[in-house]
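Input: a single structure, listed below in structure tokens.
Protein chains get the first letters and strands the later ones, always in sequence-line order, with residue 1 at the start of each.
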2 protein chains.
Amino acid sequence: MQMSEGVEWALHSCLNLAWAEEGTAVKATQLAAFYELPTAYLNKQLQALVRAGILTSATGPRGGFRLARDPRDIALLDVVTAIEGAQEAFRCQEILKKGPGGRATVDYRKACIVSQAMRRAEIAWRRELAAQTLADLKVQVESKQPRTPEMTRQRIANL
Amino acid sequence: MQMSEGVEWALHSCLNLAWAEEGTAVKATQLAAFYELPTAYLNKQLQALVRAGILTSATGPRGGFRLARDPRDIALLDVVTAIEGAQEAFRCQEILKKGPGGRATVDYRKACIVSQAMRRAEIAWRRELAAQTLADLKVQVESKQPRTPEMTRQRIANL
DNA sequence: GTCATACTACTCGGATAAGAACTGTCCGAGTGGGGTAGG
DNA sequence: CCTACCCCACTCGGACAGTTCTTATCCGAGTAGTATGAC
């Protein structure tokens, strides 16, 4: 069980977009250059964020990506879900249906104790991710590295 | 990000072992027959549980698997970790090292705010799994389906 | 000088391969029990 | 009848393919800006 590394890329890219000049679109090439990432593949991840309504995109000259809404309204869970999909990590195959006393009509995704226990853990995970927004991370970084917004904008301008 | 289905198999198999006659080893064939699972592949998962110290195994006639310790001392996290590995789902690649102002000597798995946020969520997940033991699940199932222990032992005897 | 038009460079978007991980399968190593022969 | 030995069936254990998902890449569709020419 390992998360796609695209999640890390997406989160950092969203943060950089949050620091970008307002009203300016940032190209995939620029976002990739930040951390020397493969441009085309990062572009794929950004497309997923667009489909999820987290980013907006524009083609042609002066095109690129920008945040679709205020960073306070973008939870980390939104970004993770956009990349990884909404399905749960633990996928109950309802093997109890084949077991002794198993009924084909019962929904074991709800009835199975094992499934319930695993779901409870995953809900706790999602709750933590839903509780934190891009704006929260932005504030935390800026309190540690006050020059980050300035440096980010400079880097975007010089690419 | 999807968990191996072996986790579901392992959890249910451990529960069945907890219900088995004490002092009796259960063969992989029997555990597989419970839910019509592929024997050889389930065997592979059981071996992982043995390596993790959750089960003990014996070869030869009258051989098979049994729980290595009391179900109260086996947390769900132990089983999940045995199958999935101990590494975290979110793997911080420390891409900040390549970024503006990035220092190669800094351990960004600890310093990076994004990494911290993701780790916090994963710790919440692990905490939930560590808080529940096989014995807890056993009790919950028995209160809903009191005949489960009896039926399990019968099924083992008839295979 | 102004406006419309065609062109060109640019950027995203989806379709297309390479690689890794998960899933599934097989045969050999080692063990324990039962049968057999000798005392 | 008891005991020691040998043989055999049995079970796990690790090595070996098939399939799905992740990672990586490329080229085409569409757009905005610019230059050009006519009015």
**Asked** So, B/His12 versus B/Phe34, ring centres under 6.0 angstrom or not?
**Response** no
**Prompt:** Does a donor on one side chain and an acceptor on the other come within less than 3.5 Å for B/Arg155 and B/Gln30?
**Reply:** no
**Flag if over 12 foreign heavy atoms under 6.0 Å of CZ, A/Arg72** = no
**Asked** Nearest of C/dT23, D/dT23, D/dC12 to any side-chain atom of A/Tyr41?
**Response** D/dT23
**Prompt:** Rounded to the Å, how far apart are B/Met1 CE and C/dA20 P?
**Reply:** 23 Å
**Prompt:** Between B/Gln47 and B/Arg91, which has a closest nucleotide on DNA chain D that is more 5'?
**Reply:** B/Gln47
**Item:** Which nucleotide in D/dT22, C/dC12, C/dT16 has an atom nearest any side-chain atom of A/Lys44
**Value:** C/dT16
**Prompt:** Checking all strands, does B/Arg66 fall into the base, sugar-phosphate, or nothing category for heavy-atom contacts under 4.0 angstrom?
**Reply:** nothing
**Request:** For B/Glu128 and A/Trp125, test the side chains for any donor-to-acceptor distance below 3.5 angstrom and give the result as yes or no.
**Result:** no
**Asked** In whole Å, what is the span from the CD1 atom of A/Ile83 to the P atom of D/dC21?
**Response** 18 Å
**Message:** Closest-nucleotide mapping onto DNA chain C: is A/Ala40 or A/Pro61 further toward the 5' terminus? I mean the 5' end.
**Reply:** A/Pro61
**Fill in**
Whole-Å distance, A/Leu42 CG to C/dC12 C1', equals 12 Å
**Message:** Applying a 4.0 Å non-hydrogen cut-off, can you work out what B/Gly64 is touching in the nucleic acid: base, sugar-phosphate, or nothing?
**Reply:** sugar-phosphate
**Prompt:** Quick one: is A/Arg51 getting a side-chain N or O under 4.0 Å of the C/dG14 phosphate, OP1 or OP2?
**Reply:** yes
**Asked** Does a donor on one side chain and an acceptor on the other come within less than 3.5 Å for B/Thr133 and B/Asp136?
**Response** yes
**Prompt:** Which whole-number value in Å describes the distance from B/Glu84 CD to C/dC22 P?
**Reply:** 7 Å
**Message:** Just the rounded figure in Å: distance from P of D/dT25 to CD of A/Gln45.
**Reply:** 13 Å
**Request:** Describe the nucleic acid contact of A/Met3 in one word from base, sugar-phosphate, nothing, applying a heavy-atom distance below 4.0 Å.
**Result:** nothing
**Item:** N or O in side chain of B/Thr59 less than 4.0 angstrom from C/dG32 OP1/OP2
**Value:** no
**Asked** Rounded to whole angstroms, how far apart are CG on A/Leu46 and P on C/dG13?
**Response** 9 Å
**Side chain of A/Arg62 - closest among D/dG33, C/dT16, D/dC21** = D/dG33
**Item:** Protein-nucleotide distance (B/Gln2, atom CD; C/dC22, atom P), rounded to Å
**Value:** 10 Å
**Complete:** Closest of C/dA15, C/dC12, D/dC12 to the A/Lys27 side chain is C/dC12
**Asked** Of all the nucleotides listed (C/dT25, C/dT16, D/dC12), which has the minimum atom distance to the side chain of B/Asn43?
**Response** D/dC12
**Message:** Measure CH2/B/Trp9 against P/C/dC22 and give the value in whole Å, please.
**Reply:** 14 Å
